[in-house]
Amino acid sequence: MIQLPPLNGLRAFDASGRHLSFRAASDELGVTQGAVAQQVRHLEAQLGLQLFERVPKGLAFTPAGRSYHARVATAFEELRAATETLRPEPDTVFVSVTPTFAAKWLIPNLPEFAKAHPTIDLRILATEKLSRFHGDGIDLAVRQGKPPFGAALEVISLFRQDVIAVAAPTLVAGQRLPLDPVALSHLPKLHDAHDLWPAFLKQMNVHDQSGRGLRLSQTTLAIDAALSGQGVALVSDFLAHRDIAENRLVQLCSEAVQGENDFYLLARRSPKRGQSQQAVIDWFVSKAQAQHSIFANGQVTGG
């Protein structure tokens, strides 16, 4: 009987093969990149075969490695399916989102989700860190960035990064909207980690005349500061639409700056995705499409 290789080596090979990267595999498995590479080397030594070619941008399968990985990946999928059969949690879906997306979009929409899907236990992990699907046990993630995000992930576009300037009505009381760009440049600015003000003002061909502004680590904090009248925040339009519609914020200029980091829903590629996960994906997509229609029809106003 042929002796099976160590399970850790097979797990390292499976993850490295799905990502074609030792670094991405180490993120998934929660170990160092060196440990993943060493485990794969030990597996190759035990098999007497080279499984990967080391290339400048990561890894490439050898013919033997590609064939072996297809069967190893299938075996791990069967093990996961068997475990789910023993300990089923079909109605629990873990979603990783950024704190701003959670506070300004997801949480306000959760009552609607609960009404539409009362049997699904949606659990939210709000973090700026890049969550690992295997290591952190999440099913879906909403992230802002630029594809590609990895060959093992399905990527679904939700929102473009269309950035607008917003403030509390009291900050611009008596001024006619939309503001002239020069008038906008004199108002106090609220800065977050994205640092979008230079690009926003450059597109309007003006220089910042104030030099004032509060600096905050998260966009949600900048929005909260804007709500309290402390300055002007730059935010993706869909994150501010509720506050604008309810006249807590006003859009100061008609112009929007299109950023490079759009919002995407990420899911593991799997031929056996559960019904609850698919229902959550479909809900995110339908809500995003509905909001696109609101903006296209000009239904969000303020002031």
Side-chain angles (χ1 to χ4, degrees), residues 1-55 57-96 121 123 125 129-141 143 147-156 264-281:
M1 180 180 293
I2 296 178
Q3 184 177 0
L4 291 176
L7 182 60
N8 283 343
L10 290 172
R11 289 180 66 226
F13 171 61
D14 173 49
S16 300
R18 281 187 282 105
H19 297 287
L20 291 179
S21 164
F22 287 147
R23 181 190 59 77
S26 71
D27 290 340
E28 175 183 316
L29 298 175
V31 298
T32 66
Q33 180 175 337
V36 173
Q38 184 178 40
Q39 288 168 355
V40 171
R41 283 196 297 270
H42 287 169
L43 178 62
E44 290 175 321
Q46 183 169 358
L47 296 174
L49 293 168
Q50 185 175 356
L51 301 173
F52 292 118
E53 296 283 353
R54 279 62 169 175
V55 296
K57 293 186 177 181
L59 302 171
F61 281 119
T62 64
R66 185 181 304 278
S67 175
Y68 191 46
H69 186 268
R71 303 189 69 174
V72 168
T74 299
F76 273 111
E77 190 62 38
E78 286 298 320
L79 286 172
R80 294 187 192 99
T83 304
E84 288 178 4
T85 301
L86 289 175
R87 298 189 307 171
E89 282 189 305
D91 296 323
T92 301
V93 179
F94 290 84
V95 184
S96 172
D121 180 12
R123 302 188 183 183
L125 174 64
K129 294 170 58 179
L130 186 62
S131 298
R132 299 169 300 187
F133 280 82
H134 287 287
D136 295 327
I138 63 169
D139 301 301
L140 305 171
R143 280 295 177 266
F149 293 98
L153 297 177
E154 179 179 352
V155 180
I156 302 166
Y264 297 91
L265 179 63
L266 309 180
R268 283 183 292 184
R269 294 188 183 277
S270 173
K272 299 180 180 180
R273 180 176 294 146
Q275 292 183 353
S276 295
Q277 287 187 30
Q278 189 60 52
V280 175
I281 291 173

Checklist entry - Should L140 and L266 be marked as a side-chain contact (heavy atoms from CB on, under 4.5 Å) after you check the CA-CA gap, both sets of side-chain angles, and the distance that decides it? => result CA-CA 6 Å; L140 305 171; L266 309 180; over 6 Å; no

Checklist entry - Pairs in or reaching into residues 3-13: which pass salt bridge (Lys or Arg N to Asp or Glu O under 4.0 Å), with residues at least two apart or in two chains? => result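 For residues 3-13, and leaving out neighbouring residues, there are no salt bridge (Lys or Arg N to Asp or Glu O under 4.0 Å) pairs at all.
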
Next on the checklist: Surrounding CZ of R54 (heavy atoms of other residues, nucleotides or ligands, distance under 6.0 Å), is the total greater than 12?
Outcome noted: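 Enclosed: over 12 neighbouring heavy atoms sit under 6.0 Å from CZ of R54.
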
Checklist entry - In this structure, are over 12 heavy atoms from other groups packed under 6.0 Å from R23 atom CZ? => result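 Open.
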
With rounding to the nearest 0.5 angstrom, report the [atom1] to [atom2] distance, [X] to [Y].
X    : Y    : atom1 : atom2 : result
R273 : I281 : CZ    : CD1   : 4.0 Å
Q38  : L43  : CD    : CG    : 12.5 Å
R143 : S96  : CZ    : OG    : 3.5 Å
N8   : H42  : CG    : NE2   : 11.5 Å
I138 : R268 : CD1   : CZ    : 8.5 Å
E77  : D14  : CD    : CG    : 9.5 Å

Are [X] and [Y] packed together at the side-chain level, in the sense that at least one heavy-atom pair is separated by less than 4.5 angstrom?
X   : Y   : value
Q39 : P6  : no
Y68 : T62 : no
L49 : E44 : no

On a heavy-atom basis, which atom in [X] and which in [Y] lie closest, and how many Å separate them?
X    : Y   : result
A12  : L29 : CA-CD1, 3.9 Å
S21  : L59 : N-CD1, 3.8 Å
S276 : D91 : OG-OD1, 3.2 Å
E28  : A15 : OE2-CB, 3.8 Å

Checklist entry - Does any N or O in the side chain of D139 come within less than 3.5 Å of the main-chain N or O of F94, such that one atom is a donor and the other an acceptor? => result yes

Item to check | R269 (side chain) donor-acceptor with L153 (main chain) under 3.5 angstrom | outcome: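 Flag set: sc R269 to bb L153 pair under 3.5 Å.
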
Item to check | ring pair (Phe, Tyr, Trp, His ring centres under 6.0 Å) partners for F52, two or more places apart | outcome: F13, F61

Checklist entry - Who passes ring pair (Phe, Tyr, Trp, His ring centres under 6.0 Å) against F76, sequence neighbours left out? => result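 None.
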
